[in-house]
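Please read these numbers as outputs of a predicted model, since none were measured by experiment.
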Amino acid sequence: MQSPTHLQPPTHLAASGIDHLTASGVNLAAELRLPTNALDYTILGIYFVVVLGIGFAAKRSVKTSLDFFLSGRSLPAWITGLAFVSANLAATEILGMAANSAQYGAYTVHWYWIGAIPAMVFLGLVMMPFYYGSKVRSVPEFLLLRFDKWAHLLSSALFAFAAVLIAGVNLYALAIVVEALLGWPQWVAIVVAGFFVLAYITLGGLSSAIYNEVLQFFVILAALIPLVVLSLKRVGGWDGLTDSLDASHGHDFTTAWGGTGIGSANPLGANWLTIVLGLGFVLSFGYWTTNFAEVQRALSAKNLSAAQRTPLIAAFPKIFIVFLVMIPGLVAAVLVPKIGTSGSDLQYNDAIPYLMEQLLPNGVLGIAVTGLLAAFMAGMAANISSFNTVFTTDIWARYVVKDREDSYYVRFGRLITVIGVMASIGTAFLASSFSNIMSYLQTLFSFFNVPMFVVFIVGMFWKRASKKSGFWGLLAGTTAAMVNYFVLYKQDIVGIPTDQGANFVSAIAGFVAGAVVMVAVSLFTKPKTTEELQGLVYGTTSPGMTEAPAPGDDAWYRKPALLGWSAIVLAAICYIPFSF
């Protein structure tokens with residue numbers, strides 16, 4: 001079997017060196033300045049007022065640390081479900097996935113239908129009973145119960161570091177977009193967005209973040225839907241779009257699986273095996289099942305049934321959001337044939353801003369700008385709210401200042417929120433070395449989420465996994481992923497044609513290394529007893545996992561299994577038109 005590292009990109013892509021472009025400074029193309037007027041700024045101002053209002057309203061419900069960090073575990077499933085998908089609907093989606101589509105074409109659907117939906121269903125049906133039933137306050141805390149304090153401390157530190165880096169991505173993306181589109185200096189955009197995120201999380205904790213994410217979900221849809229409709233109209237509808245792309249980029253550019261055979265060349269630089277294993281299993285499950293920025297939304301649900309339904313409810317809009325971010329990227333590839341290459345002033349990340357400038361009238365333009373700001377703020381808020389929880393409960397309260405009164409940890413949570421926002425500002429410009437910010441984010445996920453996932457999956461399904469194996473598996477997985485990316489790929493020791501292909505291989509390397517080390521360590525160290533593993537390993541239960549449904553709570557839309565399998569089938573059906 002030929003290795004995916006031997007795949008070569010098409011000639012026109014290899015010549016342009018698209019995956020190794022760096023951002024030219026921190027400015028988007030100068031011609032993207034939007035003709036905004038008073039109406040647009042009024043819409044933007046109303047949004048900021050509402051955001052702060054939600055923060056002040058949520059503040060009244062914050063009386064304990066559980067209220068601040070997990071909304072008192074009191075929210076209904078539809079609220080947590082929309083917040084779950086909105087927390088991800090940020091720079092990753094709006095700029096990153098549109099950039100992906102302009103660069104790689106219809107292969108973007110893989111990040112949704114195979115790279116999200118199965119993992120979200122697995123989280124809801126299989127993992128949430130363990131998370132919610134064990135009453136943990138965070139994902140790293142589960143590792144403390146299943147393994148030992150060293151696995152817990154390492155996972156907490158890695159997650160806190162990654163959360164600040166990813167929050168910085170959203171701030172950086174927001175700053176360059178706002179500077180290009182509105183003419184605001186970058187520092188103004190960073191300070192304004194950072195202030196509002198800081199204000200509403202500090203005031204109302206997780207409840208404020210979640211209710212704002214629900215608002216942001218609808219604002220983002222209101223921004224993207226008109227852009228998609230007008231984009232398709234500009235290129236003659238879907239048929240006109242695909243005909244143009246087939247002529248300029250080849251037929252594979254508009255299919256999901258074209259050219260992904262072993263040894264075949266395609267724009268993505270990956271074959272079906274690395275897509276299925278690297279993205280569909282390792283990266284996807286690593287992100288959706290262990291990323292606390294997402295899982296935290298489910299842990300805030302009012303009961304186990306609502307917690308299970310949170311990612312399942314989120315899966316249905318997730319299936320269709322791909323069209324809202326993919327189509328603008330494809331249209332940009334038609335209107336600007338050399339986008340992202342040395343022959344154009346536009347980077348792939350410019351796809352959405354370019355179409356906004358070209359197509360949207362005032363009023364609608366204000367909604368679109370507000371939607372972009374909402375997306376970036378939602379992504380930043382999700383990571384900051386999860387960061388303050390992990391740092392406070394898993395690091396500070398566990399290892400630094402123990403056994404203080406509950407009000408002390410609420411105050412410290414607010415303080416560390418301020419520090420987290422300041423740190424994310426400092427990390428924002430690390431993203432500037434990537435022309436495609438999706439590549440940067442996927443790189444972070446392969447380093448931090450995948451190793452944590454392998455520790456979870458081995459520990460959750462293998463009783464023999466010992467206490468010591470968690471720490472060493474996590475360390476080995478993280479190290480292997482970084483060595484593959486920074487040494488084998490970046491030093492051209494192994495010829496991987498694209499950043500995304502390198503991310504897939506790094507994820508597989510991290511997963512395999514973590515699993516092998518866990519098995520090896522477990523064979524030579526003592527496992528936990530059966531009593532210690534109750535409710536922590538598949539096949540065992542704890543009282544919190546055997547919740548009886550409330551009277552009248554047996555409607556079909558409250559049945560997790562039915563929701564989960566429906567999402568899987570619907571995603572599979574969506575693949576059909578893109579498979580030929």
Side-chain angles (χ1 to χ4, degrees), residues 69 127 130-131 134 136-167 282-283 285-287 289-296 383 386-402 416 419-420 423 427 443-462 465-486 506-507 509-522 524-528 532-533 536-537:
F69 296 119
M127 296 187 72
F130 292 94
Y131 284 143
S134 61
V136 295
R137 292 165 294 177
S138 70
V139 168
E141 189 175 1
F142 186 86
L143 293 185
L144 176 64
L145 300 180
R146 176 60 184 89
F147 296 103
D148 61 11
K149 68 177 183 179
W150 298 110
H152 172 248
L153 183 58
L154 179 59
S155 64
S156 299
L158 289 175
F159 175 81
F161 181 63
V164 169
L165 287 176
I166 296 170
V282 181
L283 272 172
F285 278 68
Y287 176 81
T289 66
T290 65
N291 182 22
F292 186 50
E294 300 293 337
V295 175
Q296 186 180 27
N383 283 283
S386 58
F387 165 80
N388 68 21
T389 301
V390 167
F391 197 94
T392 303
T393 63
D394 290 290
I395 297 177
W396 194 260
R398 179 73 61 175
Y399 301 106
V400 183
V401 179
K402 305 177 183 179
I416 202 65
I419 295 173
T427 63
T443 301
L444 295 180
F445 296 152
S446 69
F447 292 168
F448 300 113
N449 292 98
V450 169
M452 193 176 294
F453 171 63
V454 70
V455 173
F456 266 86
I457 209 70
V458 172
M460 193 173 284
F461 287 92
W462 189 36
S466 68
K467 292 191 294 184
K468 301 296 183 184
S469 67
F471 171 82
W472 292 108
L474 185 57
L475 184 62
T478 303
T479 302
M482 290 183 173
V483 166
N484 179 79
Y485 190 84
F486 290 117
S506 294
F511 184 89
V512 171
V516 169
V517 168
M518 285 190 73
V519 171
V521 171
S522 294
F524 294 96
T525 54
K526 184 179 179 181
K528 284 192 169 185
E532 291 176 309
L533 295 177
L536 303 175
V537 177

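Residues Glu141 and Thr393 bring no donor and acceptor atom of their side chains to less than 3.5 Å of each other. For the residue pair Thr525 / Ser466, a side-chain donor-acceptor distance below 3.5 Å is found, with atom types taken as modelled.
Looking at Ser155, its side chain does come within 3.5 Å of a backbone N or O of His152 through a donor-acceptor pair. Judged by distance alone, with hydrogens and angles left aside, the side-chain atoms of Asp148 form a donor-acceptor pair with the main-chain N or O of Ala151 at under 3.5 Å. One N or O on the side chain of Lys528 and one on the backbone of Leu145 form a donor-acceptor pair closer than 3.5 Å. Without hydrogens or angle criteria, Tyr399 side chain to Lys149 main chain gives a donor-acceptor distance under 3.5 Å. With hydrogens and angles disregarded, a donor-acceptor distance shorter than 3.5 Å links the side chain of Arg146 to the backbone of Ala465. Under the 3.5 Å distance criterion, the side-chain polar atoms of Glu532 are left unmatched by any main-chain donor or acceptor of Pro527. The backbone N or O of Thr443 sits less than 3.5 Å from a side-chain atom of Ser446, completing a donor-acceptor pair.
Annotation: the span from Ile166 atom CD1 to Asn291 atom CG amounts to 6.0 Å, rounded to 0.5 Å. Distance check, rounded to the nearest 0.5 Å: OG1 of Thr389 to CD1 of Ile416 gives 11.5 Å. The CD atom of Gln296 sits 7.0 Å away from atom CG of Asn388, with the distance rounded to the nearest 0.5 Å. Taken from CG in Asn383 to OG in Ser386, the straight-line distance is 5.0 Å, to the nearest 0.5 Å. Between the CG atom in Asn484 and the OG1 atom in Thr479 there is a gap of 12.5 Å [rounded to 0.5 Å]. The line from CG of Asp394 to CG of Leu144 is 8.0 Å long, rounded to the nearest 0.5 Å.
In this structure, the ring pair (Phe, Tyr, Trp, His ring centres under 6.0 Å) partners of Phe387, at least two apart in sequence or on a different chain, are Phe391. Checked against side chain to side chain contact (heavy atoms under 4.5 Å, CB included), Ala476 has the following partners two or more places apart in sequence or in another chain: Val517.
Across all their heavy atoms, Ser134 and Leu536 have their closest contact at CB-CD2, 4.4 Å. Looking at every heavy atom in both residues, Leu475 comes nearest to Leu154 through N-CD2, 4.0 Å. When all heavy atoms of Phe147 and Ser469 are compared, the pair lying nearest together is CE2-OG, 3.6 Å. In terms of heavy-atom proximity, Val390 sits nearest to Ser156 at CG1-O, 3.7 Å.
Ring centers of Phe447 and Phe486: under 6.0 Å apart, within the cut-off. Ring-centre distance between Phe292 and Tyr131: not below the 6.0 Å cut-off.
Side-chain atoms of Val521 and Phe471, non-hydrogen and from C-beta on, never get closer than 4.5 Å to each other. Within the 4.5 Å cutoff, side-chain heavy atoms of Met460 are placed close to those of Phe130.
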Is there a side-chain contact (heavy atoms from CB on, under 4.5 Å) between Ile457 and Phe285 once you walk through the steps? CA-CA 10 Å; Ile457 209 70; Phe285 278 68; 5.8 Å; no
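Each of Phe448, Phe159, Phe453, Phe142 was evaluated against Thr290; a single residue qualifies, Phe453, per the side chain to side chain contact (heavy atoms under 4.5 Å, CB included) test.
Atom CH2 of Trp462 has more than 12 heavy atoms from other residues, nucleotides or ligands within 6.0 Å.
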